[in-house]
S.K.: 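I'd like to ask you about the structure that follows.
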Amino acid sequence: MPELPEVETVRSGLIPAMEGVVITRTDVNRAGLRWPFPDRMAERLTGVRVTTLRRRSKYILADLDSGETLLVHLGMSGRMTVSGDPLGVFAHTHPMPEKHDHVVFHMENGARVTFNDPRRFGAMDLLPTAEAEAHKLLASIGPEPLGNSFHEAYLVAALKGRAMPIKSALLDQKIVAGLGNIYVCEALFRAGINPTRKAASLSKRRIESLVPIIREVLGDAIAAGGSSLKDFRQASGELGYFQHSFDVYGREGEPCRSEGCGKLVRRIVQSGRSSFYCPACQR
Ligand SMILES: [Zn+2]
């Protein structure tokens with residue numbers, strides 16, 4: 001499932017194909033994904049220019065010169081593929097249509113952007129740009145972890161009195177936007193915090209330490225995605241999924257990477273999701 005860095009990589013990859021470019025035609029091949037598409041979606045996405053491509057949490061927001069914003073969520077298995085060679089960056093010829101190509105954007109610069117989603121947990125909606133932040137999917141989301149309103153004093157206040165494990169607190173989208181299982185595990189490892197610790201039991205200093213660490217973990221992943229974009233341009237044109245190297249995530253039974261530790265990474269299940277951690281380094 002794509003997390004914030006993957007979505008940010010998709011956004012970066014779409015910019016040369018879509019930002020500032022008119023959508024000459026949109027093919028909408030089914031009535032909806034997770035939810036029905038908005039009325040007349042194909043018409044409303046035809047002959048309009050994409051002015052800005054933004055991201056909020058795990059949502060891509062394409063502002064249009066019609067005064068509307070297209071919201072895109074990749075869900076569990078959604079993929080965006082760019083084909084055509086508008087700027088000499090995408091070396092791909094248009095592929096044959098595939099079974100799960102649900103929405104296809106034909107851009108004025110010759111690019112084609114295809115949204116393919118076999119499991120159909122993805123979503124698209126159109127909303128007035130001025131009210132985008134009030135959309136039901138966005139309204140209650142907390143601050144962006146890479147933005148200015150996510151800072152030490154904020155996190156200390158947000159976790160005050162919380163009896164839930166720190167792992168669950170950081171996964172709570174109302175506390176911080178866009179963090180998923182993988183990057184929470186990685187951040188807690190770098191911070192030396194055991195995922196089962198109750199949020200309220202952590203000292204102010206340890207909570208504060210999480211802020212730069214979360215930014216660093218996400219920043220490293222976005223940088224890795226950026227370098228993978230170059231490969232995607234040469235390879236399939238598919239955006240957003242790249243090779244990661246994680247310290248703890250997915251490494252159950254393998255040795256901890258902290259110097260001189262050597263303990264084995266452990267996996268436990270919290271709220272139905274796997275937590276990976278080092279029992280010696282994370283307290
Ligand atoms: Zn360790």
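When a ligand or atom number is given, it counts from 1 through the structure's own listing order. The shown structure was predicted, so the numbers you read here are calculated from the model rather than taken from an experiment.
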S.K.: Please test Glu208 against Lys204 for salt bridge (Lys or Arg N to Asp or Glu O under 4.0 Å), starting from the C-alpha separation and ending with a verdict.
M.R.: CA-CA 6 Å; Glu208 285 171 346; Lys204 183 165 171 273; 3.2 Å; yes
S.K.: Would Arg190 and Glu216 satisfy salt bridge (Lys or Arg N to Asp or Glu O under 4.0 Å), going step by step from the backbone distance to the final call?
M.R.: CA-CA 10 Å; Arg190 286 198 202 179; Glu216 187 184 272; 2.7 Å; yes
S.K.: Using modelled atom types only, decide if a donor and an acceptor are shared between the side chain of Gln270 and the backbone of Pro195 within a distance under 3.5 Å.
M.R.: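 Yes.
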S.K.: Checking Met107 against Met18 for the side chain to side chain contact (heavy atoms under 4.5 Å, CB included) test, could you report, in this order, the C-alpha distance in whole Å, the side-chain angles of both residues, the deciding distance, and whether it holds?
M.R.: CA-CA 7 Å; Met107 307 303 298; Met18 294 189 96; 4.0 Å; yes
S.K.: Going by chain and residue number, what protein N/O/S atoms come nearer than 2.8 Å to the Zn ion (ligand 1)?
M.R.: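 N, O, S partners closer than 2.8 Å: Cys256 SG, Cys261 SG, Cys278 SG, Cys281 SG.
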S.K.: Only one of Thr26, Thr24, Asp27 forms a side-chain hydrogen bond (donor to acceptor under 3.5 Å, both in side chains) with His106, so which one is it?
M.R.: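 The passing option is Asp27.
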S.K.: Do Leu155 and Leu202 land in one hydrophobic cluster if side-chain heavy atoms of ILVMFWY residues count as linked below 4.5 Å?
M.R.: yes
